[in-house]
Q: 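Let me begin by handing over the structure; questions about it come next.
Convention: sequence-line order gives letters A, B, ...; per-chain numbering from 1.
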Protein chains: 2
Amino acid sequence: MNLFGRKSKQPDNQNRMNEELGKKGLRMTPQRLMIIAAIEKSDNHIGADEIYTQVVEKYPNVNISTVYRTLDVLEEMGMVTKTDLGGGRVQYHPAEKGHHHHLVCRECGKITDLDEAALSVLKETLLRHYNFVADLRHMGIWGYCAKCNRQVVKEA
Amino acid sequence: MNLFGRKSKQPDNQNRMNEELGKKGLRMTPQRLMIIAAIEKSDNHIGADEIYTQVVEKYPNVNISTVYRTLDVLEEMGMVTKTDLGGGRVQYHPAEKGHHHHLVCRECGKITDLDEAALSVLKETLLRHYNFVADLRHMGIWGYCAKCNRQVVKEA
DNA sequence: GTTGTACCTGCAAATTATTGCAGTAAAAAT
DNA sequence: ATTTTTACTGCAATAATTTGCAGGTACAAC
């Protein structure tokens with residue numbers, strides 16, 4: 001199947017994605033294309049279920065397990081990040097749309113956004129001391145916000 | 001039901017736990033007692049399933065949902081930490097047995113231990129700049145170990 | 001173009017974790 | 001002691017995610 005029509009019709013993203021996949025012997029498929037599109041379209045975070053819902057609208061045959069499998073592939077490729085922000089569903093985010101983090105309050109669930117820079121020191125340290133390339137592009141850090149702040153974690 | 005026999009028979013941990021529970025209007029029950037014991041007994045990490053298996057041996061009536069609910073209570077009280085170290089099951093760890101962290105390699109699954117101090121700077125920063133009390137007692141940080149290090153995360 | 005290999009997907013089943021509900025029991029109030 | 005309130009648990013149902021398998025398809029080698 002020709003996924004892109006004539007040449008030069010595909011956006012840059014798909015081009016790059018296509019190459020990345022090729023490098024690893026993986027293929028671009030209609031399913032993957034549509035799943036990627038759904039993630040890209042969401043400006044912010046999106047859950048597996050929402051992706052599935054969107055894709056199914058146009059291509060009712062796709063299975064939810066394909067969505068999960070694709071998300072795994074994309075995460076392994078570094079194209080999307082996967083973050084637990086509470087609410088029972090893991091959230092996905094396009095990696096090239098900026099790196100940022102979230103402080104999640106265990107008590108009230110409030111989510112505060114955090115700039116990427118906050119974790120760059122840690123990333124540096126881990127790299128220098130442990131030779132470990134930490135994937136700190138999109139973290140959910142749990143704890144207690146100013147309002148709910150309790151003494152539970154005082155000994156940490 | 002008398003959970004402890006005569007006075008002064010219970011270990012300090014249970015004593016403290018009992019008080020902590022009381023403070024919040026919660027109760028110490030046989031189920032909770034046994035679940036706590038299972039966690040304490042494990043020197044390292046333990047999963048919900050293992051806890052359940054251990055408890056069921058002596059008290060076949062307990063239900064796995066009670067285990068999960070108890071773990072939630074204990075986590076909220078700050079008595080245990082909950083960490084995803086891969087392998088499909090979340091791991092629990094007694095909080096008072098020392099705080100530490102783990103670098104988890106996405107590629108080979110290798111887990112490198114990390115001292116608590118590595119994250120204390122971050123904790124300080126979050127507290128000072130955001131008034132957020134981050135629970136950084138037992139983190140699983142994902143990425144690539146020296147051996148598997150790839151270029152995927154280079155732009156992070 | 002046939003063959004071989006590796007990948008991809010839908011389906012169903014299995015795993016892990018959570019939630020609603022109803023019955024029971026403990027603690028507090030009367 | 002009785003009533004009232006609140007908490008706890010087992011059970012069953014649900015939700016989120018993963019895995020095994022079998023059929024299908026792309027791609028390279030011959």
Q: Under 4.0 angstrom, heavy atoms only, what part of the nucleic acid is Leu26(A) near: base, sugar-phosphate, or nothing?
A: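 Sugar-phosphate: the residue Leu26(A), judged by heavy atoms under 4.0 Å, touches backbone atoms but no base.
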Q: Tyr52(A) has an atom OH; how far is it from atom P of dT17(D), in whole Å?
A: 14 Å
Q: What is the distance from atom CD1 of Ile141(A) to atom NE2 of His101(A), rounded to the nearest 0.5 Å?
A: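 Result: 7.0 Å between the selected atoms.
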Q: Which comes earlier along DNA chain C counting from the 5' end, the contact point of Val90(B) or that of Tyr59(A), where each point is its nearest nucleotide?
A: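 Nearest-nucleotide comparison on DNA chain C picks Tyr59(A).
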Q: How long is the line joining CG of Leu71(A) and C1' of dA16(D), in whole Å?
A: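 It is 13 Å, rounded to the nearest whole Å.
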Q: So Arg69(B), base contact, sugar-phosphate only, or nothing? Heavy-atom distance under 4.0 Å.
A: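 Arg69(B): base contact, heavy atoms under 4.0 Å.
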Q: For Asp115(B) and His100(B), does a side-chain donor sit closer than 3.5 Å to a side-chain acceptor?
A: no
Q: Go through it in stages, so that I can follow the logic: the residues are Ser42(A) and Asn44(A), the test is side chain to side chain donor-acceptor pair (under 3.5 Å), and I'd like the CA-CA distance, side-chain angles, deciding distance and then a yes or no.
A: CA-CA 5 Å; Ser42(A) 92; Asn44(A) 229 309; over 6 Å; no
Q: Taking CD1 from Ile51(B) and P from dT16(C), how many angstroms apart are they, rounded to a whole number?
A: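 These atoms are roughly 14 Å apart.
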Q: Just to confirm, is there a sub-4.0 Å distance from OP1 or OP2 of dT18(D) to any side-chain nitrogen or oxygen of Tyr68(A)?
A: no
Q: Take atom CG of Asn18(A) and atom P of dC7(C), then tell me their distance rounded to the nearest Å.
A: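 Answer to the nearest Å: 16 Å.
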Q: Closer than 4.0 Å, any side-chain N/O of Thr29(B) to the OP1 or OP2 of dT9(D)?
A: yes
Q: Is it the case that atom NZ in Lys97(B) sees more than 12 heavy atoms from other parts of the structure closer than 6.0 Å?
A: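 Atom NZ in Lys97(B) is packed in, count exceeds 12.
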Q: Both Arg89(A) and Ile64(B) contact DNA chain D. Taking the nearest nucleotide for each, which residue is further toward the 5' end?
A: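 Result of the comparison: Ile64(B).
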Q: Please report, rounded to the nearest Å, how far the C1' atom of dG24(D) is from the CG atom of Asn61(A).
A: 13 Å
Q: From C-beta outward on Gln31(B), which listed nucleotide comes closest to its side chain: dA16(D), dG10(D), dC11(C)?
A: dG10(D)
Q: If the cut-off is 4.0 Å, is Arg32(B) near the phosphate of dC8(D), judged by side-chain N/O to OP1 or OP2?
A: yes
Q: Send over the distance from Glu76(B) CD to dC8(D) P, rounded to a whole Å.
A: 12 Å
Q: Provide, to the nearest angstrom, the distance between the CG atom belonging to Asn63(A) and the C1' atom belonging to dT19(D).
A: 12 Å
Q: Does either side chain, that of His138(A) or that of His45(A), offer a donor lying less than 3.5 Å from an acceptor on the other one?
A: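 There is such a pair between these side chains.
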Q: Report yes if at least one side-chain N or O of Ser65(B) is closer than 4.0 Å to OP1 or OP2 of dT18(C); otherwise report no.
A: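 No, Ser65(B) has no side-chain N/O under 4.0 Å of OP1/OP2 on dT18(C).
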Q: Scan Asp49(A) against the nucleic acid and name what it touches under 4.0 Å (heavy atoms): base, sugar-phosphate only, or nothing.
A: nothing
Q: Take atom CG of Leu33(B) and atom P of dA26(C), then tell me their distance rounded to the nearest Å.
A: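 Result: 15 Å.
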Q: Does Arg27(B) have a side-chain nitrogen or oxygen under 4.0 Å from the phosphate oxygens OP1 or OP2 of dA7(D)?
A: no
